[in-house]
Asker: 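To start, I am sharing the structure in question, which I have written as structure tokens.
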Amino acid sequence: QVRLVESGGGSVRAGDSLRLTCAAAGRTFSRYSMGWFRQAPGKEREFVATISWSGSSTLYADSVKGRFTISRDNAKNTVYLQMNSLKPEDTAVYYCAANPRAVIGGRERSEYDYWGQGTQVTVSS
């Protein structure tokens, strides 16, 4: 089992950058593929990015490709989401998630067993 805590959200202007951090408590963090999802008001929670156990493989939603970068530091039990060139449509609560069964997680919420409490990102125009 793993406990996840996100941080780093805030209110920024379009074009700015933010880095989200997800700290994991658990001895086997390096054996979890990790993902970031987001949920805007009135919308379904959607996939943003995922990273494999070692960090060598990543996948992104088309809407963030080229602007966001997911990375991890297994020595620190931490996964990051670097968000550049932020747009108002990136406004959402961002959630970190862990998948204990796959080398790299997928795009479906059901593939992830553990979730953080979320961190708010607000981008104004």
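We count residues from 1, following the sequence as given.
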Asker: A side-chain contact here means heavy atoms from C-beta on lying under 4.5 Å apart; do Met34 and Leu4 qualify?
Answerer: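 The answer is yes; the side chains approach within 4.5 Å.
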Asker: Return the set of residues passing side chain to side chain donor-acceptor pair (under 3.5 Å) with Tyr95 (not counting sequence neighbours), or none when no residue passes.
Answerer: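 Per chain and number, Tyr95 pairs via side chain to side chain donor-acceptor pair (under 3.5 Å) with no residue.
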Asker: What pair of heavy atoms forms the shortest contact from Thr78 to Ala23, and how long is it?
Answerer: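 It is OG1-CA, 4.5 Å.
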Asker: Would you say Leu20 and Trp36 make side-chain contact, with heavy atoms under 4.5 Å?
Answerer: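 In short, these two side chains touch, coming nearer than 4.5 Å.
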Asker: Between Glu6 and Gln117, is the side chain to side chain contact (heavy atoms under 4.5 Å, CB included) condition met? List the steps.
Answerer: CA-CA 7 Å; Glu6 303 96 333; Gln117 82 291 346; 2.9 Å; yes
Asker: Go through the structure and list residues passing salt bridge (Lys or Arg N to Asp or Glu O under 4.0 Å) with Glu108, not counting sequence neighbours.
Answerer: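 Glu108: no salt bridge (Lys or Arg N to Asp or Glu O under 4.0 Å) contacts found.
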Asker: Does Thr91 reach the side chain of Gln120, with side-chain heavy atoms less than 4.5 Å apart?
Answerer: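 Counting from C-beta outward, Thr91 and Gln120 do come under 4.5 Å.
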Asker: Any non-hydrogen side-chain atom of Arg109 less than 4.5 Å from a side-chain atom of Glu44?
Answerer: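 Counting from C-beta outward, Arg109 and Glu44 do come under 4.5 Å.
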Asker: Is there a donor-acceptor pair under 3.5 Å between the side chain of Gln82 and the backbone N or O of Thr69?
Answerer: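 Not confirmed, Gln82 side chain does not pair with Thr69 backbone.
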Asker: What heavy-atom pair brings Gly8 and Leu18 nearest, and what distance separates the two atoms?
Answerer: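 Scanning both residues, the minimum pair turns out to be O-CD2, 3.7 Å.
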Asker: Any disulfide bond (SG atoms under 2.5 Å apart) pairs touching residues 7-36, not counting sequence neighbours?
Answerer: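 Output for this query lists Cys22-Cys96.
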Asker: Mind checking salt bridge (Lys or Arg N to Asp or Glu O under 4.0 Å) for Asp16 and listing every partner two or more places apart, or none if nothing turns up?
Answerer: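 Asp16 satisfies salt bridge (Lys or Arg N to Asp or Glu O under 4.0 Å) with no residue once adjacent residues are dropped.
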Asker: Tell me, do Ile70 and Val48 make a side-chain contact under 4.5 Å, heavy atoms counted?
Answerer: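 Answer no - side chains too far apart.
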Asker: Without swapping roles, check the side chain of Ser11 against the backbone of Thr122 for a donor-acceptor pair under 3.5 Å.
Answerer: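 Checked: no pair found.
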Asker: I want to check something: taking the side chain as every heavy atom from C-beta on, are Phe68 and Leu81 in contact at a cut-off of under 4.5 Å?
Answerer: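 Touching, per the 4.5 Å side-chain cut-off.
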Asker: Taking side chain to side chain donor-acceptor pair (under 3.5 Å) as the definition, give me every residue that meets it alongside Arg107, ordered by chain and number, with sequence neighbours left out.
Answerer: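 None.
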Asker: Can you get from Tyr80 to Val64 by hopping between Ile, Leu, Val, Met, Phe, Trp and Tyr side chains that sit under 4.5 Å apart?
Answerer: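 Different clusters.
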Asker: Could you pull out all residues at least two apart from Phe37 that satisfy ring pair (Phe, Tyr, Trp, His ring centres under 6.0 Å)?
Answerer: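 Partners of Phe37 by the ring pair (Phe, Tyr, Trp, His ring centres under 6.0 Å) criterion, ordered by chain and then number, come out as Phe47, Tyr112, Trp115.
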Asker: Please report the shortest heavy-atom distance between Val79 and Phe29, naming the atom on each side.
Answerer: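 Minimum heavy-atom separation between Val79 and Phe29: N-CZ, 4.3 Å.
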Asker: Test of understanding: with side chain to side chain contact (heavy atoms under 4.5 Å, CB included), list the residues that count as partners of Ser57, not counting sequence neighbours.
Answerer: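 Side chain to side chain contact (heavy atoms under 4.5 Å, CB included) list for Ser57, sorted by chain: Ser52, Ile104.
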Asker: With sequence neighbours excluded, what pairs up with Lys65 under the salt bridge (Lys or Arg N to Asp or Glu O under 4.0 Å) test?
Answerer: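 With neighbours one apart ignored, the set is Asp62.
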Asker: Only counting residues at least two apart or in another chain, list the ones meeting side chain to side chain donor-acceptor pair (under 3.5 Å) with Arg45.
Answerer: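 Result, side chain to side chain donor-acceptor pair (under 3.5 Å) vs Arg45: Gln39.
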Asker: Answer yes or no: is there a donor N or O on one side and an acceptor on the other, between the side chain of Ser33 and the main chain of Ala102, under 3.5 Å?
Answerer: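 Yes; at least one donor-acceptor contact below 3.5 Å.
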Asker: When you check the side-chain N and O atoms of Arg38 and Tyr94, is any donor under 3.5 Å from an acceptor?
Answerer: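 Arg38 vs Tyr94: donor-acceptor pair found between side chains.
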Asker: Measure the spacing between CG of Asp113 and CD of Glu111 and express it to the nearest 0.5 Å.
Answerer: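 Interatomic distance, Asp113 CG to Glu111 CD, rounded to 0.5 Å: 10.5 Å.
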Asker: Name all residues meeting the side chain to side chain donor-acceptor pair (under 3.5 Å) criterion together with Asn74; count only those two or more places apart in sequence or in a different chain, and write none if there are none.
Answerer: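 Listed in chain order: Arg72.
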Asker: Looking only at non-hydrogen atoms, find the nearest pair between Pro88 and Ser124 and report the distance.
Answerer: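 It is CG-C, 4.4 Å.
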Asker: With a 4.5 Å cut-off on side-chain heavy-atom distances among I, L, V, M, F, W and Y, is there a chain of contacts connecting Val12 to Val93?
Answerer: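 As far as the 4.5 Å side-chain criterion goes, Val93 and Val12 are not connected within one cluster.
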Asker: Under a 4.5 Å cut-off applied to non-hydrogen side-chain atoms, are Val5 and Arg3 in contact?
Answerer: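 Yes - at least one pair of side-chain heavy atoms lies under 4.5 Å apart.
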Asker: Just verifying a value: how many Å separate Gln1 CD and Thr28 OG1, rounded to the nearest 0.5 Å?
Answerer: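 The OG1 atom of Thr28 is 10.5 Å from CD of Gln1, to the nearest 0.5 Å.
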Asker: Is there a side-chain contact between Thr58 and Thr50 in this structure, where contact means two heavy atoms from C-beta onward sitting under 4.5 Å apart?
Answerer: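 No, too far: nothing below the 4.5 Å cut-off.
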Asker: Checking side-chain polar atoms at under 3.5 Å, does Ser17 have a donor or acceptor matched by the opposite partner on Asn84?
Answerer: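 Yes - a donor-acceptor pair under 3.5 Å links their side chains.
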Asker: With a cutoff of under 4.5 Å between side-chain heavy atoms, which Ile, Leu, Val, Met, Phe, Trp and Tyr residues group with Trp53?
Answerer: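 Trp53 shares its hydrophobic cluster with Val103.
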Asker: Whether the side chain of Ser63 engages the backbone of Ala61 through a donor-acceptor N/O pair (distance < 3.5 Å, no angle test) should be reported.
Answerer: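 A pair under 3.5 Å: no.
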Asker: Looking at residues at least two apart in the chain, or sitting in another chain, which of them share a salt bridge (Lys or Arg N to Asp or Glu O under 4.0 Å) with Arg67?
Answerer: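 Arg67 satisfies salt bridge (Lys or Arg N to Asp or Glu O under 4.0 Å) with Asp90 only.
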Asker: Mark yes when over 12 heavy atoms from residues, nucleotides or ligands other than Arg101 sit less than 6.0 Å from its CZ; otherwise mark no.
Answerer: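 Buried by this count: over 12 neighbours within 6.0 Å.
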